[in-house]
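Dropping the structure in here first, questions after.
Order of listing sets the numbers, starting from 1, for every ligand and every atom in it.
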Amino acid sequence: MDLPEAAPPVYAATAPLDLVGLDREALAAFFADLGETPYRVKQLWHWIYYQGATRFPAMTTFNKALREKLAESCRVSRPDVHQLQVSADGTQKWLLGFADGGEAETVHIPEKDRGTLCISSQIGCTLNCRFCHTGTQRLVRNLTPAEIVGQMLIARDHFSEWPSPKEARRISNVVFMGMGEPLYNYENVAAAIRILTDGDGIALSKRRVTLSTAGVVPMIARAGHELDVNLAISLHATTDDVRDEIVPLNRKYPIAELLAACRAYPRAANSRRITFEYVMLKGVNDSLVDARRLVKLIEGIPAKVNLIPFNPWPGAPYACASREAIRAFADVVNRAGYASPVRVARGQDILAACGQLKSESQRLPKTPAAVRERNSGDA
Ligand code: SAH
């Protein structure tokens, strides 16, 4: 009986070096070590981030010897998909698993002719905002550039959005509004943004990337100068007393300092709007006095105010403001000349809406068999 030919070395899942998440300088050094020219970087970038390739045999602009060498010593990683949930409104939430067993969530919010990917920057979060579910999670660590970019790659794979389309359809915008505080993981988030916006690959426009922060003041200026992406501020209160309580980071960087950083943000100086997020909590921050104070606080800043009806989660200590209170609040902000859309909650049925993300890494069964079993249960 004829035996089939031995398969060529393909994808070595256990090979050490992950090529995803490395910047161009690191890749150049890597290829130099292999005795290859710097031009290889451009070619590899094209395969990974333009074509979406994960297997070296497919990288046909490399000669066979190089393809084999890469296959032996490298990989092009993807996070594992531990769970994918789809909401009645089309919103999807991935629970992604990383090499150390940690998990984080990524949400896709489809709209007509476009869609937003809501990316996590950390597993868990250290900020403990009192209304946010993520803050109740025990395990916290920074995500690596590969793990941050990997969220985009997984979503692109899912929608078969390769090669990178000129006019992005399903994933046109990225917001760092998932789990974690991106400015507490600045270096890795910056590295990931540079990869996502690199014109030779995924080529997301900087105008379509939004960094959301609870107000890590010293890092705001740095992000503005180095990354030049849109800024969103999770403001949520108009007095330091209330903000100290619901966003404890305020005790370190109070409202006046935060707004001064916003006024100095380079994009704002160019009349690009900063988004202020404001979660509407019944009896806490939803009065007309608050609304008037808010417009005074942000006076002179090109801004838009996103009013977010509070999304409940099990055990949350707050309730959502009434529909009337939200409307009246929005009117005051609007009359002062600021767009004040009330955010429609998306994906609530799968706990994918703002502030509802919480992976359960600490209770995750670690063995591959247990994970498989869990996944089959979800199907
Ligand atoms: N740490 C960053 C990134 C997280 S963004 C930041 O704070 O901006 C997540 C957004 O959802 C923030 O504006 C957050 O304040 C808001 N949010 C958190 N919990 C919420 C809840 N239960 N209902 C509505 N919005 C919530």
Side-chain angles (χ1 to χ4, degrees), residues 91 93 104-107 109 116-137 140 142-143 148 151 173-186 188-189 192-193 209-217 219-220 223 229-237 242-243 245-250 252-253 255 258 261-262 265 274-282 284-286 294 303-321 326 329 341-348 350-359:
T91 298
K93 182 171 80 168
E105 294 180 319
T106 305
V107 177
I109 305 133
T116 299
L117 196 67
C118 181
I119 285 186
S120 292
S121 56
Q122 299 181 311
I123 293 177
C125 188
T126 55
L127 294 179
N128 294 315
C129 298
R130 288 209 58 203
F131 49 84
C132 182
H133 202 194
T134 306
T136 65
Q137 187 175 324
V140 182
N142 283 335
L143 292 178
I148 298 170
Q151 298 173 58
N173 293 62
V174 163
V175 295
F176 283 82
M177 295 185 185
M179 300 163 65
E181 170 50 50
L183 293 187
Y184 272 167
N185 184 19
Y186 180 79
N188 292 348
V189 166
I193 288 178
V209 176
T210 300
L211 204 61
S212 182
T213 179
V216 186
V217 167
M219 301 309 291
I220 291 177
V229 292
N230 297 318
L231 184 65
I233 301 287
S234 294
L235 189 62
H236 304 318
V242 174
R243 197 162 191 271
E245 171 77 17
I246 64 179
V247 183
L249 183 66
N250 195 68
K252 204 162 175 189
Y253 306 115
I255 293 176
L258 177 55
C262 292
Y265 195 72
I274 288 178
T275 302
F276 289 96
E277 292 157 274
Y278 196 96
V279 61
M280 298 295 292
L281 304 173
K282 190 186 206 105
V284 176
N285 64 359
D286 62 342
L294 174 62
K304 153 178 158 186
V305 177
N306 263 345
L307 298 176
I308 317 177
F310 171 68
N311 293 311
W313 38 272
Y318 297 109
C320 185
I326 297 176
F329 196 106
V342 177
R343 194 180 284 172
V344 180
R346 300 287 302 267
Q348 251 182 329
I350 55 169
L351 284 185
C354 302
Q356 293 184 315
L357 302 187
K358 178 184 182 179
S359 64

| field | Heteroatom distance test (Phe131, ligand 1): nitrogen or oxygen, under 3.5 angstrom | value | yes
| Would you say the side chain of Leu117 lies within less than 4.5 Å of the side chain of Thr106, judging by non-hydrogen atoms? | yes
| query | In terms of atom number and element, which parts of ligand 1 are under 4.0 angstrom from non-hydrogen atoms of Trp313? | reply |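 So the atoms of ligand 1 that pass are 22 (N).
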| Taking Phe176 as the fixed residue, which of Thr210, Thr213, Ile193, Leu183 is the one that meets the side chain to side chain contact (heavy atoms under 4.5 Å, CB included) rule? | Ile193
| message | Residue-level breakdown please: for Val247 versus ligand 1, do any non-hydrogen atoms fall below 4.0 Å on the side chain, on the backbone, on both, or on neither? | response |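 Neither part.
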| Heavy-atom check, side chain of Leu249 versus side chain of Val216, under 4.5 Å |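 Touching, per the 4.5 Å side-chain cut-off.
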| query | Any side-chain heavy-atom pair from Gln137 and Ile123 closer than 4.5 angstrom? | reply |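 Of all side-chain heavy-atom pairs linking Ile123 with Gln137, at least one is under 4.5 Å.
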| query | Considering only heavy atoms, which of Ala214, Gly180, Ala316 lies nearest to atom 3 (C) of ligand 1? | reply |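 Nearest heavy atom to atom 3 (C) of ligand 1 lies in Gly180.
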| said: Quick check: Glu181 and ligand 1, any N/O pair under 3.5 Å apart? | reply: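 By distance alone, the answer is yes.
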| task | Around atom 6 (C) of ligand 1, find the nearest protein heavy atom and jot down its residue, atom name and distance. | result |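 For atom 6 (C) of ligand 1, the nearest protein heavy atom is Ser234 OG, 3.3 Å.
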| task | Assign the ring pair His133 / Trp313 to parallel, tilted or perpendicular, where the plane angle (0 to 90°) is split at 30° and 60°. | result | parallel
| task | May I ask you to list the atoms of ligand 1 that are less than 4.0 angstrom from any heavy atom of Ile308? | result |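 Counting atoms of ligand 1 from 1, those under 4.0 Å from Ile308 are 24 (C), 25 (N).
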| query | Nearest to atom 16 (C) of ligand 1, what protein heavy atom do you find, and at what distance? | reply | Cys354 CB, 4.2 Å
| Do the side chains of Asn306 and Pro341 get nearer than 4.5 Å, heavy atoms only? | yes
| Are side-chain heavy atoms of Glu105 and Thr134 found at a separation under 4.5 Å? | no
| said: Please list the nearest protein heavy atom to atom 9 (C) of ligand 1 with its residue and the distance rounded to 0.1 Å. | reply: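 Nearest neighbour among protein heavy atoms for atom 9 (C) of ligand 1, to 0.1 Å: Met177 O, 3.6 Å.
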| request: Go through the side-chain N and O atoms of Ser121 and Glu181 and say whether any donor and acceptor fall under 3.5 Å apart. | output: no
| said: Any heavy-atom pair between the side chains of Gln151 and Leu143 that's under 4.5 Å? | reply: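 Contact flag for Leu143/Gln151 side chains = yes.
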| request: Give the residue and atom name of whichever protein heavy atom lies nearest to atom 4 (C) of ligand 1, and the separation in Å to one decimal. | output: Gly178 O, 3.5 Å
| said: Need the ligand 1 atom indices (1-based, order shown) with element for anything under 4.0 Å from a heavy-atom of Phe176. | reply: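 Near Phe176, the atoms of ligand 1 are 3 (C).
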| request: Measure the distance from atom 23 (N) of ligand 1 to every protein heavy atom, then report the residue, atom name and distance (to 0.1 Å) of the closest one. | output: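 Going by distance alone, atom 23 (N) of ligand 1 is nearest to Asn311 N, 2.8 Å.
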| request: Report yes or no: does a heavy atom of Gly215 sit under 4.0 Å from some atom of ligand 1? | output: no
| request: Just say parallel, tilted or perpendicular for the rings of Tyr318 and Phe131, cut-offs at 30° and 60°. | output: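 If you compare the ring of Tyr318 with that of Phe131, the planes turn out tilted.
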| message | Are Met177 and Cys118 packed together at the side-chain level, in the sense that at least one heavy-atom pair is separated by less than 4.5 angstrom? | response | yes
| request: Check each of Gln348, Glu277, His236 against atom 14 (C) of ligand 1 and report the one with the nearest heavy atom. | output: His236
| note | The atoms of ligand 1 lying under 4.0 Å from a heavy atom of Val279, numbered in the order shown, are 23 (N), 24 (C), 25 (N)
| request: Around atom 19 (N) of ligand 1, find the nearest protein heavy atom and jot down its residue, atom name and distance. | output: Gly355 CA, 2.9 Å
| query | Out of curiosity, is Tyr318 lining ligand 1, as in a heavy atom under 4.0 Å away? | reply |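 No heavy atom of Tyr318 comes that close to ligand 1.
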